[in-house]
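First the structure, in the form of structure tokens, and then the observations on it.
Count residues from 1 along the sequence. What's counted below: heavy atoms across the whole structure, side chains too, no hydrogens, waters or symmetry copies.
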Amino acid sequence: MNTHFHCKIFDQLLTDGKCLPVAPLWSHFQHTVFPRPYDDWIKYDQAMLHLYDCCLRLEASFPTLDYSMNESSGADAEVQTFLDMRKPVFYSIHKLYEWIDNR
């Protein structure tokens, strides 16, 4: 469900056209074809973060299924990296879009 949520938000951001989203989730699909140790994916993800302007950290939520998930050590590490780089972290699409509109 988390993967589906991630893809849904990526599609929404792309459709809205306010930003060009990047989905670190790519490693999930790559891993299904060419499995690697988890640490390889974390190192890859962390090495790419300096290329991005900001971070959007959302809770995966499907109210109709009574599902929500906010726990992710990988996403938490991404947030910390963005904070360490003094780049913004957003916890809602609305706040992200406000920031984009004011740039």
Pairs flagged by salt bridge (charged side-chain N to carboxylate O under 4.0 Å, His left out) wherever [range] is involved - sequence neighbours left out:
range          : result
residues 20-29 : none
residues 78-99 : Lys95-Glu98
residues 27-43 : Arg36-Asp40

List, by chain and then residue number, the residues other than [X] in its hydrophobic cluster (Ile/Leu/Val/Met/Phe/Trp/Tyr, side-chain heavy atoms under 4.5 Å); write none if there are no others.
X     : result
Tyr91 : Val22, Tyr44, Met48, Leu49, Leu51, Tyr52, Val79, Phe82, Leu83, Met85, Val89
Phe34 : Val33
Phe10 : Leu14, Leu20
Leu25 : Trp26, Phe29

Closest heavy-atom pair and its distance - [X], [Y]:
X      : Y     : answer
Trp41  : Ser27 : CE3-CB, 3.3 Å
Ile100 : Cys19 : CD1-CB, 3.7 Å
Ile42  : Gly74 : CD1-CA, 4.3 Å

- Can you tell me which residue pairs pass the side-chain hydrogen bond (donor to acceptor under 3.5 Å, both in side chains) test with a partner in residues 4-20, sequence neighbours excluded?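 Listed by first then second residue: Asp16-Tyr97, Lys18-Asp101.
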- Sort and list the pairs that fulfil side-chain hydrogen bond (donor to acceptor under 3.5 Å, both in side chains) and have at least one residue in residues 55-66, not counting sequence neighbours.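 Counting only pairs at least two positions apart or across chains, the side-chain hydrogen bond (donor to acceptor under 3.5 Å, both in side chains) contacts touching residues 55-66 are Arg57-Asn70, Arg57-Asp76.
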- Message: Taking side-chain hydrogen bond (donor to acceptor under 3.5 Å, both in side chains) as the definition, give me every residue that meets it alongside His28, ordered by chain and number, with sequence neighbours left out.
- Response: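 Residues passing side-chain hydrogen bond (donor to acceptor under 3.5 Å, both in side chains) with His28: none at all.
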- Task: Name all residues meeting the side-chain hydrogen bond (donor to acceptor under 3.5 Å, both in side chains) criterion together with Gln46; count only those two or more places apart in sequence or in a different chain, and write none if there are none.
- Result: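 In terms of side-chain hydrogen bond (donor to acceptor under 3.5 Å, both in side chains), with neighbours along the sequence ignored, Gln46 is linked to Thr81.
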- Distance in Å, Phe90 CZ paired with Cys54 SG, rounded so as to fall on 0.5 Å steps: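 So the CZ of Phe90 and the SG of Cys54 are separated by 5.0 Å.
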- Task: Kindly write out the residues that satisfy side chain to side chain contact (heavy atoms under 4.5 Å, CB included) with Arg103, not counting sequence neighbours, or none if the list is empty.
- Result: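 Partners of Arg103 under the side chain to side chain contact (heavy atoms under 4.5 Å, CB included) test: Asp53, Trp99.
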